[in-house]
Protein chains: 4
Amino acid sequence: MISLLFHHQSYKDPQNKLLDAALHLYTGKGFRETSVLEVVERARVSKTTFYHFFNSKEDLLVQLFQSLLEEVLQEVRRTAELETHIAHKSFAGIRRYLEICNDHRPVARLLLVSSAGLSSAVEEVRHKAHVEFAIFIYESVRVEIEQEGLVSDDQIHTAAQAMVGAINEVVIHKIIVENKKNIDELAHLLNHIAIGAFTMLAENQMSFKGGMRL
Amino acid sequence: MISLLFHHQSYKDPQNKLLDAALHLYTGKGFRETSVLEVVERARVSKTTFYHFFNSKEDLLVQLFQSLLEEVLQEVRRTAELETHIAHKSFAGIRRYLEICNDHRPVARLLLVSSAGLSSAVEEVRHKAHVEFAIFIYESVRVEIEQEGLVSDDQIHTAAQAMVGAINEVVIHKIIVENKKNIDELAHLLNHIAIGAFTMLAENQMSFKGGMRL
Amino acid sequence: MISLLFHHQSYKDPQNKLLDAALHLYTGKGFRETSVLEVVERARVSKTTFYHFFNSKEDLLVQLFQSLLEEVLQEVRRTAELETHIAHKSFAGIRRYLEICNDHRPVARLLLVSSAGLSSAVEEVRHKAHVEFAIFIYESVRVEIEQEGLVSDDQIHTAAQAMVGAINEVVIHKIIVENKKNIDELAHLLNHIAIGAFTMLAENQMSFKGGMRL
Amino acid sequence: MISLLFHHQSYKDPQNKLLDAALHLYTGKGFRETSVLEVVERARVSKTTFYHFFNSKEDLLVQLFQSLLEEVLQEVRRTAELETHIAHKSFAGIRRYLEICNDHRPVARLLLVSSAGLSSAVEEVRHKAHVEFAIFIYESVRVEIEQEGLVSDDQIHTAAQAMVGAINEVVIHKIIVENKKNIDELAHLLNHIAIGAFTMLAENQMSFKGGMRL
DNA sequence: TATGAATGAGACTTCATTCAT
DNA sequence: CATGAATGAAGTCTCATTCAT
């Protein structure tokens, strides 16, 4: 997989030329506002080639999402692994994620806000990426807090998903819409929230029975 | 404002007939897959009338979203107000929100996953609703935890936004996709997460200075 | 019948207000380019009133044509009657006709070129007017040339019709399109042509038998 | 230019398929009563193709007129050229014209009565055809009568135009409306009228000075 | 009668997609 | 593979006409 986010040569193979052209046009003027003709003209390939590699206009978007999300996740995981202090892994990952979103704000906007509702295939790709992100969060935070194993795995997974939603929502509001620059502070805050959430979960893990409340 | 979610008579005025028809078709076969022709045929009004009330196909979606989101928020706030025990208000609101999403799963799907990316106007409506939801969370949780006033308002707002994202992400994965039925448990979990997040925030409010980490 | 061409007060009765408004708008921007709304707004009456007096937008045009063509024919006949010299009657009529077309060029354009093809009713009105004009020509010229009665009435009628076409064609090309001003010269020419045609007809009335030629 | 009037295969290229379909529909139920949808359905092409070849519904009519009028004029000129007797050329042309109008009465109706008033472009095409027809008349008749060159060219042109109007008017009344069959007699009559008109013109060419009358 | 909402038809346009050369 | 013609679906808009108040 050739990087769409971090490499900036021009691609040789038509498929990547198309993905690159699509990335620029979709982030520039939006997916719906971009016609297939514009994509193939920018990529300097023919419509025949386009339909050889992609089943439809939306398929291009799906593959583009797949590439981008994979890249982002890989980069986040790589960064966390580089962090030697075990208590800082989740922070490092979250921070890197915010950084990428901040550095490629149009791409983040495309992935997070201007994307859904286009096809179930796109939703599925996003869904899978969220699941993987949640797994990363789950695994990073788990090693940071003392877990007595009393919290069910299912609850922890749900909490991890919730944190993914929390992070993305903050990215949308703070980074994309409000254009906040202090990534470190946001990452710190989100990491705190995550740790707080998991900690609270561990402490109160037995307080819920059936319809009872805390 | 006439309720689109909870009333089920047939409307008299063409605007509501169109909104109702759109709700059914968009939740049934999707926004993009529904043509204006189908909407006006189901609503039994003319295309001219459609374009009299709505500037475009997307404008109909925007107004539909506005109505639905207002309704949901109002219902959530109303339910929280009915809860007399002050420590249970946030739980009551979250629980009601999950309940509505569960009872109207196609609508929830429309609002949460199959909607964005259609126009900036839709995004804006969703954004505003999220902000209002965050305010509700913020106000509900604030009265439940002992706040020494040491946490900045901005941080609490961000945390509230994060919680909105957390809740919606869980709704998408657990209620919409996985079709989980135990609303109470999910609400309990999410409420815990929220309280945990806010508590951790209060405890560590001073631990972050510049680029430092927890 | 109130004159639309030569009177210039504002009308009291809605029907004439509508006809007058239509005349101005149709000659100004064309029949097809004028909407019913514009007509009723200019006439300061309601759509209800419009459809009380006229069955349709085209019906208004038909009645307008009827009025205008009647007026023009009446004026042409009146002028010919005022001419005492019997040999000048046809010239006087033709001259007056050209004069009216020249003085009201937009109206002439409407009647002669921008009108047909709209409905069979319009065509019929025009057809009748042409027939009446032909009768005038026929009667005027008949008294001017010595007729031995050898020419069939049918032939003379046809020749008269031909002269109507000849006159109108010249009006279109010379007065409307080329904007020629020397009405007298044109009238003289056309009158000559008419007399020449009828004379030739009389001289050669027996030369045609079956498929033979002159 | 492929003949629309005299050929009767089905066309290959969409443009001619559309022109042919339009010819049938416009002559059958009228231009205004025919929708673009009907035209493309009859021609078995798509609306996109329609708007690729024609700018508008009216543009199709304009191009159709152009083709038809060119065809008719060409046929008339060709017939006159085949006539060896120089004194019969104008008769031959006029006769052929009447014959075509008689053989294709719906087309003649379309061209002569149900056409104008639709757009200035249509009027222009008709105007040009009339001018060309007038030139044909002028040239044909000029060689038949002894011209001393005393009549101004402008007058002869005007007379020729008048004859075009005369012929068309007779076609409308006698052939199209009254459905007369004796083409030969009508042609003979019209030719006589034309010759009479031109002769009279030549005889009296100096009798008009300024505002004087014959 | 006036007003204005509503209708229904149809013109025009853009595009994703297909197909022949 | 490239080119470009053609398709068909659907969005948008304008109007003549009708109807209720």
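All chains are named by letter (A, B, ...) in the order of the sequence lines, taking the proteins before the strands, and each is independently numbered beginning at 1.
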Nearest listed nucleotide, side chain of Phe53(B), among dG8(F), dA6(E), dA2(F):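 Taking heavy atoms from C-beta onward, the closest nucleotide is dA6(E).
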I'd like to check [X] versus [Y] (side-chain heavy atoms, cut-off strictly below 4.5 Å). Are they in contact?
{"X": "Ser35(D)", "Y": "Glu38(D)", "result": "yes"}
{"X": "Leu112(C)", "Y": "Ile176(C)", "result": "yes"}
{"X": "Val36(D)", "Y": "Tyr51(D)", "result": "yes"}
{"X": "Phe53(B)", "Y": "Gln63(B)", "result": "no"}

What nucleic acid atoms does Arg44(C) come within less than 4.0 Å of, heavy atoms only: base, sugar-phosphate, or nothing? nothing
Contact class for Pro14(C) (heavy atom, under 4.0 Å): base, sugar-phosphate, or nothing? nothing
Within 45° cone of Phe31(D) ring axis and under 6.0 Å: Lys57(D) NZ or CZ: yes
Can you measure [X] atom [atom1] to [N] atom [atom2] for me and round it to whole angstrom units?
{"X": "Asp13(B)", "N": "dT21(F)", "atom1": "CG", "atom2": "C1'", "answer": "17 Å"}
{"X": "Phe54(B)", "N": "dA5(E)", "atom1": "CZ", "atom2": "P", "answer": "15 Å"}
{"X": "Lys17(B)", "N": "dA6(E)", "atom1": "NZ", "atom2": "P", "answer": "9 Å"}
{"X": "Asp59(C)", "N": "dA16(F)", "atom1": "CG", "atom2": "P", "answer": "14 Å"}
{"X": "Glu41(A)", "N": "dC1(F)", "atom1": "CD", "atom2": "P", "answer": "19 Å"}
{"X": "His52(D)", "N": "dC12(E)", "atom1": "NE2", "atom2": "P", "answer": "17 Å"}

Going by an N to O cut-off under 4.0 Å, is there a salt bridge joining Glu58(D) and Arg32(C)? yes
Under 3.5 Å on both distances, the Watson-Crick or G-U partner of dA20(E):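 Paired with dT3(F).
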Opposite nucleotide pairing with dC12(E), Watson-Crick or G-U, both atom distances under 3.5 Å: dG11(F)
Would you find a donor on one side and an acceptor on the other, under 3.5 Å apart, between the side chain of Thr49(D) and the backbone of Val45(D)?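 Looks like no, no N/O pair under 3.5 Å.
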Phosphate oxygens OP1/OP2 of dG8(F): is one of them under 4.0 Å from a side-chain N or O of Ser46(D)? no
What nitrogen or oxygen pairs link the protein and nucleotides 13-17 of chain E at under 3.5 Å?
residue	atom	partner	partner atom	Å
dA16(E)	OP1	Lys57(A)	NZ	3.0
dA16(E)	OP2	Val36(A)	N	2.9
dT17(E)	OP2	Tyr51(A)	OH	2.8
dT17(E)	OP2	Lys57(A)	N	2.9
dT17(E)	O5'	Tyr51(A)	OH	3.3

